[in-house]
Chemist: 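Dropping the structure in here first, questions after.
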Amino acid sequence: MADTEEPARPAPDLTVVVPTYNERQNVPELIRRLDATLAGHAWEVVFVDDDSPDETAQLVRELSTQDYRVRGIQRIGRRGLATACIEGMLSSSAPFLAVIDGDLQHDEALLPRMLDLLRGGDTDIVVGSRYVQGGGIGDWDESRARISRVATRLSRAVMKQELTDPMSGFFMVRADVFRNCVRDLSGVGFKIMLDLFASSSEPLRYAELPYEFRTRDAGESKLDNQAAWEYGMLLLDKLIGHLVPVRFVAFTLVGSVGVIVHLITQAILFKGMQLEFVTSQAAATLVAMTFNFALNNVLTYRDMQLRGWQWLRGWLSFSLACSVGAIANVGIASYIFTLDAQWVLAAIAGILVGAVWNYAVTMVYTWKKPKTA
Ligand code: GDD
Ligand code: MN
């Protein structure tokens with residue numbers, strides 16, 4: 001190496017991973033606070049942004065040209081807090097990894113103490129908790145507080161430890177512990193820390209530090225009603241994911257609701273409006289198929305949700321795939337029926353084949369991964 005060159009920079013000790021979606025206004029302040037609270041430590045921050053319309057990713061790139069400790073990952077055509085955190089952590093070579101929200105609601109002042117605890121060697125993960133003495137949930141209303149309590153109780157189904165705040169999105173973990181279970185993580189929804197606890201083969205040795213959940217000043221929360229559905233899917237994946245993919249379970253659930261929609265439409269058109277049976281059956285099929293597509297798009301494939309023209313293209317391919325699925329369904333069912341099987345068995349076999357076909361084909365053609373991801 002020539003004398004004039006800068007010496008190589010050693011890797012940081014701590015990577016702080018920050019998932020972001022429309023957090024442009026909060027990014028500079030978070031960096032300032034990390035800088036203040038982590039003074040004297042070798043740290044870096046990685047913002048993992050899902051192509052936010054407010055161009056958070058572009059701002060991060062600009063800031064990283066001024067500060068080498070700032071990095072960014074921009075994901076295209078993807079959504080999801082948990083997978084964003086996983087990919088941010090995978091991009092790090094530091095021995096310690098923290099995850100903190102980008103909206104300043106978590107208390108970054110805990111980070112140095114978290115680091116000390118992990119360096120002590122007896123702890124795998126340190127969790128920021130709103131529910132131990134000294135912590136709090138800020139200005140949450142009673143209904144959100146109640147939902148949080150119920151969700152906490154449900155988490156016992158997939159993890160042994162009795163954490164006070166398994167829903168927390170604020171923690172620091174040893175990188176080797178993370179890498180040991182990274183292949184088993186579900187990556188569904190918001191609860192990346194719960195996912196870690198539930199996926200680790202060895203029970204994690206944990207510590208909890210209290211913090212007060214702050215009020216959000218800029219931007220808005222992305223946690224909506226669908227968070228409950230995603231949480232259910234995460235629990236389900238941890239419980240039965242080794243047997244059936246949860247996406248298939250979700251797809252089948254949506255399909256069952258679609259059957260009800262079909263019957264209601266049929267009742268209105270055929271019974272109510274006295275249309276011909278064939279006409280009303282065809283119309284009900286179209287309505288049910290559209291309903292199934294729309295619901296799958298927001299629930300089953302929320303992380304790859306199609307919008308605008310992509311939505312129309314998706315609807316078309318979904319309808320085509322399901323039409324072929326229906327033919328397969330009827331064909332198989334009729335064939336099995338001719339083998340003298342009971343009609344219920346024949347029907348179920350047909351439905352199953354149709355469902356698997358629809359699921360497999362639409363997974364590849366309707367919600368295909370974008371080229372850049
Ligand atoms: N990359 C990415 N992709 N980031 C996302 C996404 C996404 O789809 N959705 C949300 N985020 C980012 C937000 O920009 C924010 O930085 C962070 O994830 C948390 O999102 P909020 O929308 O602010 O969630 P919250 O405040 O309602 O709930 C948070 O705190 C709870 C208590 O710790 C979450 O972390 C919950 O999981 C947690 O239980
Ligand atoms: Mn928040």
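First listed ligand is number 1; within each ligand, the first listed atom is number 1. These numbers were taken from a predicted model, which means no experiment stands behind them. Sequence positions, counted from 1, serve as the residue numbers for this chain.
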Chemist: Tell me whether the rings of F197 and Y206 are parallel (<30°), tilted (30 to 60°) or perpendicular (>60°).
Modeler: perpendicular
Chemist: Would you name the heavy atoms of V188 and L234 that are closest together and state the gap between them?
Modeler: CG1-N, 4.1 Å
Chemist: In ligand 1, which numbered atoms sit nearer than 4.0 Å to a non-hydrogen atom of D50?
Modeler: 1 (N), 2 (C), 3 (N), 7 (C), 8 (O)
Chemist: Of the backbone atoms (N, CA, C, O) and the side-chain heavy atoms from C-beta on, which set of D165 has a member under 4.0 Å from an atom of ligand 1: side chain, backbone, both, or neither?
Modeler: neither
Chemist: Going by the ring-ring contact (aromatic ring centres under 6.0 Å, His included) test, which pairs reach into residues 63-117, not counting sequence neighbours?
Modeler: H106-F170, H106-Y211, H106-F213
Chemist: Same cluster or not: are V324 and V364 linked, directly or through other Ile, Leu, Val, Met, Phe, Trp or Tyr residues, by side-chain heavy atoms under 4.5 angstrom apart?
Modeler: yes
Chemist: Please state which protein non-hydrogen atom is closest to atom 13 (C) of ligand 1 and give its distance, to 0.1 Å?
Modeler: E23 OE2, 3.2 Å
Chemist: Identify the closest protein heavy atom to atom 26 (O) of ligand 1: which residue and atom is it, and at what distance?
Modeler: Q105 OE1, 2.8 Å
Chemist: What are the atoms of ligand 1, with element, lying closer than 4.0 Å to any heavy atom of K222?
Modeler: 9 (N), 10 (C), 14 (O), 21 (P), 22 (O)
Chemist: Counting heavy atoms only, which of V17, L81, L30, L194 comes nearest to atom 18 (O) of ligand 1?
Modeler: L81
Chemist: Below the 3.5 angstrom mark, is there an N/O of E220, backbone or side chain, next to an N/O of ligand 1?
Modeler: no
Chemist: Return the closest protein heavy atom for atom 38 (C) of ligand 1 as residue, atom name and distance.
Modeler: M167 O, 3.4 Å
Chemist: Just to be sure I'm reading this right: ignoring hydrogens, which of A227, S221, G102 gets closest to atom 25 (P) of ligand 1? Compare them by their nearest heavy atoms.
Modeler: S221
Chemist: Can you give me the closest heavy-atom contact between V249 and I240, atom names plus distance?
Modeler: CG2-CD1, 4.2 Å
Chemist: Nearest heavy-atom pair of V361 and A321: which atoms, and what distance?
Modeler: CG1-CB, 3.6 Å
Chemist: Can you tell me which residue and heavy atom of the protein come closest to atom 32 (C) of ligand 1, and the distance to 0.1 Å?
Modeler: R130 NH1, 3.1 Å
Chemist: Could you walk me through whether T83 and D303 pass side chain to side chain contact (heavy atoms under 4.5 Å, CB included), step by step?
Modeler: CA-CA 9 Å; T83 53; D303 53 341; over 6 Å; no
Chemist: Is it true that, when you exclude W43 itself, more than 12 heavy atoms of the residues, nucleotides or ligands shown sit nearer than 6.0 Å to its CH2?
Modeler: yes
Chemist: From L306 CG over to T366 OG1, what is the distance, rounded to the nearest 0.5 angstrom?
Modeler: 8.0 Å
Chemist: M289 and S323: which non-hydrogen atoms are nearest, and at how many Å?
Modeler: CE-OG, 4.3 Å
Chemist: Assess R216 for proximity to ligand 1: is some non-hydrogen atom of it under 4.0 Å away?
Modeler: yes
Chemist: Which side-chain N or O atoms in residues 112-122 pair as donor and acceptor under 3.5 Å with protein atoms at least two apart or in another chain?
Modeler:
unit_1	atom_1	unit_2	atom_2	d
R119	NH2	D13	OD2	2.4

Chemist: Under 3.5 Å, N or O to N or O, is A84 touching ligand 1 that way?
Modeler: no
Chemist: Give me the other members of the hydrophobic cluster that Y335 sits in, counting Ile, Leu, Val, Met, Phe, Trp and Tyr linked by side-chain heavy atoms under 4.5 Å, directly or via other members.
Modeler: I332, I336, L339, V353
Chemist: Tell me which one of V18, T20, D49 gets a heavy atom nearest to atom 4 (N) of ligand 1.
Modeler: T20
Chemist: For ligand 1, which part of F170 has a heavy atom less than 4.0 Å away: the side chain, the backbone, both, or neither?
Modeler: neither
Chemist: Against the six-membered ring of Y21, is R79 placed for a cation-pi contact (under 6.0 Å from the centre, within 45° of the normal)?
Modeler: yes
Chemist: Which residue holds the protein heavy atom closest to atom 36 (C) of ligand 1, what is that atom called, and what is the gap in Å?
Modeler: K191 NZ, 3.5 Å
Chemist: Which ligand 1 atoms, with their elements, are less than 4.0 angstrom from a heavy-atom of Y211?
Modeler: 33 (O)
Chemist: When you compare ligand 1 with G169, is there at least one nitrogen or oxygen pair between them that comes in under 3.5 angstrom?
Modeler: yes
Chemist: Looking at atom 12 (C) of ligand 1, what's its closest protein heavy atom, distance included?
Modeler: P19 O, 3.4 Å
Chemist: Ignoring angles and geometry beyond distance, decide whether R75 reaches within less than 3.5 Å of ligand 1 through its nitrogen or oxygen atoms.
Modeler: no
Chemist: Report the nearest protein non-hydrogen atom to atom 29 (C) of ligand 1: residue, atom name, distance rounded to 0.1 Å.
Modeler: D101 OD2, 3.1 Å
Chemist: Below 2.8 Å of the Mn ion (ligand 2), tally up the protein N/O/S atoms for me.
Modeler: 2
Chemist: First locate atom CZ of F251, then atom CE of M363, and finally report the distance between them rounded to the nearest 0.5 Å.
Modeler: 10.0 Å
Chemist: How close do D165 and S129 get, heavy atom to heavy atom, and via which atoms?
Modeler: CB-OG, 3.4 Å
Chemist: Which atoms of ligand 1 are found less than 4.0 Å from any heavy atom of S168?
Modeler: 33 (O)
Chemist: Which of parallel (below 30°), tilted (30 to 60°) and perpendicular (above 60°) describes F318 and F293?
Modeler: tilted
Chemist: Tell me which protein heavy atom sits closest to atom 8 (O) of ligand 1, plus the residue, atom name and distance to 0.1 Å.
Modeler: R79 NE, 2.7 Å
Chemist: Can you tell me how far apart CG (D49) and CZ (R78) are? Round to the nearest 0.5 Å.
Modeler: 12.5 Å
Chemist: I need the atoms of ligand 1 closer than 4.0 Å to a non-hydrogen atom of G80, numbered in the order shown.
Modeler: 3 (N), 7 (C), 8 (O)
